[in-house]
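This one's a predicted model, so the numbers in the text were calculated from it and none came from an experiment. Computation of the quantities below employed the complete heavy-atom set of this structure, encompassing side-chain atoms and omitting hydrogens, waters and symmetry-equivalent molecules.
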Amino acid sequence: MAGLRIEVDHDLCVGSQICVLTAPGTFQLDEKGQSVVLDADGDAREVIIDGAEGCPVEAITVYDESGERIAP
């Protein structure tokens, strides 16, 4: 879990909340209704990946400790 880097592309994010519902310890919506990373270690690694992969517009990208893209 430690060491993940999570990026949210706010040009793509539509605020579907799937990431928040899937990984609430990691993601939250900001005042504009877009996803932001609350805590990159807030949920289990698999849950964070599921949250990113659930994004309907692929606005969330997750990288592992080596910098390799692991989701979506």
Side-chain angles (χ1 to χ4, degrees):
M1 183 163 55
L4 292 181
R5 182 171 49 103
I6 306 167
E7 297 178 358
V8 179
D9 184 337
H10 289 126
D11 291 332
L12 294 176
C13 182
V14 295
S16 73
Q17 298 188 47
I18 292 170
C19 59
V20 176
L21 295 172
T22 304
T26 301
F27 301 102
Q28 69 178 13
L29 295 185
D30 66 11
E31 64 280 350
K32 297 177 184 176
Q34 292 189 306
S35 178
V36 293
V37 178
L38 176 65
D39 179 358
D41 295 321
D43 292 287
R45 181 184 197 109
E46 297 78 20
V47 173
I48 294 169
I49 291 169
D50 286 347
E53 290 180 340
C55 179
V57 294
E58 296 186 350
I60 302 169
T61 307
V62 182
Y63 300 90
D64 69 10
E65 298 81 2
S66 70
E68 181 179 340
R69 180 178 170 164
I70 57 174

task = Evaluate the criterion side-chain contact (heavy atoms from CB on, under 4.5 Å) for residue pair R45 and V62; output intermediate values, then yes/no.
result = CA-CA 10 Å; R45 181 184 197 109; V62 182; over 6 Å; no

Output side-chain donor-acceptor pairs under 3.5 Å for residues 48-60, partner residues at least two apart or in another chain, one line each.
none

note = Sequence neighbours excluded, the answer for side chain to side chain donor-acceptor pair (under 3.5 Å) partners of D39 is none

In a table with atom names and distances, give each donor-acceptor pair under 3.5 Å that connects a side chain of residues 10-22 to protein atoms at least two apart or in another chain.
{"from": "H10", "atom 1": "NE2", "to": "S35", "atom 2": "O", "distance (Å)": "2.8"}
{"from": "S16", "atom 1": "OG", "to": "I18", "atom 2": "N", "distance (Å)": "3.4"}
{"from": "T22", "atom 1": "OG1", "to": "I18", "atom 2": "O", "distance (Å)": "2.8"}

ask   = Under the side-chain contact (heavy atoms from CB on, under 4.5 Å) test, which residues partner E31, sequence neighbours left out?
value = none

inquiry  = As an exercise, state the distance from CD of E65 to CG of L4, rounded to the nearest 0.5 Å.
reply    = 5.5 Å

query = With R69, which residues qualify under salt bridge (charged side-chain N to carboxylate O under 4.0 Å, His left out), at least two apart?
reply = none

4.5 Å side-chain heavy-atom contact, V37 and F27 = yes

Test item: D43 side-chain N/O and T26 main-chain N/O as donor-acceptor pair under 3.5 Å = yes

message = Please determine whether residues V8 and I70 belong to a single hydrophobic cluster, defined as Ile, Leu, Val, Met, Phe, Trp and Tyr linked transitively by side-chain heavy-atom distances below 4.5 Å.
response = yes

